[in-house]
Amino acid sequence: MVRLTVLLYSFISATLAGILIIIVLAAGYGTQMPIIYAAIIGFVVAVPVSWIVAKKISALK
């Protein structure tokens with residue numbers, strides 16, 4: 001299950017970071033630090049999200 005979580009993390013983290021960066025830019029914060037903070041938050045939030053998704057996928061088997 002750990003391998004599945006790591007695989008999912010690579011996709012989910014990039015997606016969440018991208019979504020948060022788009023939100024920050026749409027809100028008008030175009031400077032460097034808000035964009036970096038949004039990317040970091042996306043990568044951190046992706047850890048439990050990928051774990052939950054991996055558990056749900058493993059439960060389907």
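The hydrophobic cluster containing Ile19, built from Ile/Leu/Val/Met/Phe/Trp/Tyr side-chain heavy atoms closer than 4.5 Å, also comprises Leu4, Leu8, Ile12, Leu16, Leu20, Ile23, Ile41, Val45, Val49, Val53, Ile57. Residues Met1 make up the rest of the hydrophobic cluster containing Trp51, defined by ILVMFWY side-chain heavy atoms closer than 4.5 Å, directly or through other members. Annotation for Phe11: hydrophobic cluster partners, listed by chain and number, are Leu7 (ILVMFWY side-chain heavy atoms under 4.5 Å, direct or chained).
Separating the CD1 atom in Ile22 from the CD1 atom in Ile35 is a distance of 9.5 Å, to the nearest 0.5 Å.
In this structure, the side-chain contact (heavy atoms from CB on, under 4.5 Å) partners of Ser13, at least two apart in sequence or on a different chain, are Tyr9, Phe43, Ala46.
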